[in-house]
Peer 1: 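I'd like to ask some things about the structure below.
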Amino acid sequence: MATVLTDALAAASAMPDSDALVAYQRAFAFAIYGRGQDAVNMLAQIDWEGRAPVIQGIGLSMEGVIELLCRRNVSGSVERCSKSD
């Protein structure tokens with residue numbers, strides 16, 4: 001799975017924050033398949049605090065997706081997603 005995403009996003013590596021966007025995409029794929037810890041680990045590889053607000057919002061929204069899909073925690077999901085705006 002990671003190889004397919006890496007290949008698909010290789011052209012995007014020249015973009016600013018491409019590492020954060022790739023981590024987001026990989027985390028999303030892990031979350032869809034219920035691999036919450038893998039998704040969390042993927043997000044943990046990025047220093048979200050040092051990024052532009054819109055990129056920070058992407059990270060927070062993915063934390064909300066992980067809460068919802070992997071932990072079935074609706075209130076936790078809403079809390080994290082509301083911080084991303």
Side-chain angles (χ1 to χ4, degrees):
M1 175 177 60
T3 302
V4 172
L5 288 173
T6 301
D7 292 346
L9 296 171
S13 65
M15 293 182 353
D17 297 310
S18 63
D19 59 336
L21 297 173
V22 169
Y24 169 85
Q25 293 293 328
R26 288 179 175 173
F28 189 70
F30 283 132
I32 287 174
Y33 288 99
R35 294 174 56 183
Q37 191 56 52
D38 290 328
V40 168
N41 293 343
M42 188 58 58
L43 292 180
Q45 295 177 13
I46 303 299
D47 174 23
W48 297 97
E49 295 294 319
R51 304 298 174 122
V54 69
I55 301 300
Q56 290 179 20
I58 289 170
L60 286 169
S61 68
M62 182 48 58
E63 289 178 11
V65 169
I66 294 166
E67 283 294 317
L68 183 63
L69 296 180
C70 300
R71 299 183 181 128
R72 307 289 190 231
N73 181 358
V74 175
S75 62
S77 177
V78 171
E79 180 182 333
R80 283 179 171 76
C81 288
S82 67
K83 290 181 184 178
S84 69
D85 56 356

Peer 1: Is Ser61 close to Tyr24 at the side-chain level, that is, under 4.5 Å between some pair of heavy atoms?
Peer 2: yes

Peer 1: Quick check: do Leu43 and Trp48 have side-chain heavy atoms less than 4.5 Å from each other?
Peer 2: yes

Peer 1: To the nearest 0.5 Å, what is the distance between CG on Leu21 and CZ on Arg26?
Peer 2: 12.0 Å

Peer 1: Hey, does Leu68 have a side-chain heavy atom less than 4.5 Å from the side chain of Asn73?
Peer 2: no

Peer 1: Hey, quick one: are Val40 and Tyr33 part of the same hydrophobic cluster, counting side-chain heavy atoms closer than 4.5 Å, chains of contacts allowed?
Peer 2: yes

Peer 1: What pair of heavy atoms forms the shortest contact from Ala23 to Met42, and how long is it?
Peer 2: O-CG, 3.3 Å

Peer 1: Testing the basics here: between Ala31 and Ala39, what is the closest heavy-atom pair and its distance to 0.1 Å?
Peer 2: N-CB, 4.1 Å

Peer 1: Between Ile66 and Arg80, is the side-chain contact (heavy atoms from CB on, under 4.5 Å) condition met? List the steps.
Peer 2: CA-CA 10 Å; Ile66 294 166; Arg80 283 179 171 76; over 6 Å; no

Peer 1: Measure the CG-CD1 distance between Asp19 and Ile55 for me, rounded to the nearest 0.5 Å.
Peer 2: 9.0 Å

Peer 1: So which atom in Gly64 and which in Cys81 form the shortest heavy-atom distance, rounded to 0.1 Å?
Peer 2: CA-SG, 3.8 Å

Peer 1: Linking I/L/V/M/F/W/Y whenever any side-chain heavy atoms sit under 4.5 Å apart, do Leu69 and Val74 land together?
Peer 2: no

Peer 1: Are side-chain heavy atoms of Val22 and Gln45 found at a separation under 4.5 Å?
Peer 2: no

Peer 1: Report yes if some heavy atom in the side chain of Asp17 is under 4.5 Å from a heavy atom in the side chain of Ile58; otherwise report no.
Peer 2: no

Peer 1: Roughly how far, to the nearest 0.5 Å, is the CD atom of Glu67 from the CD atom of Glu79?
Peer 2: 8.5 Å

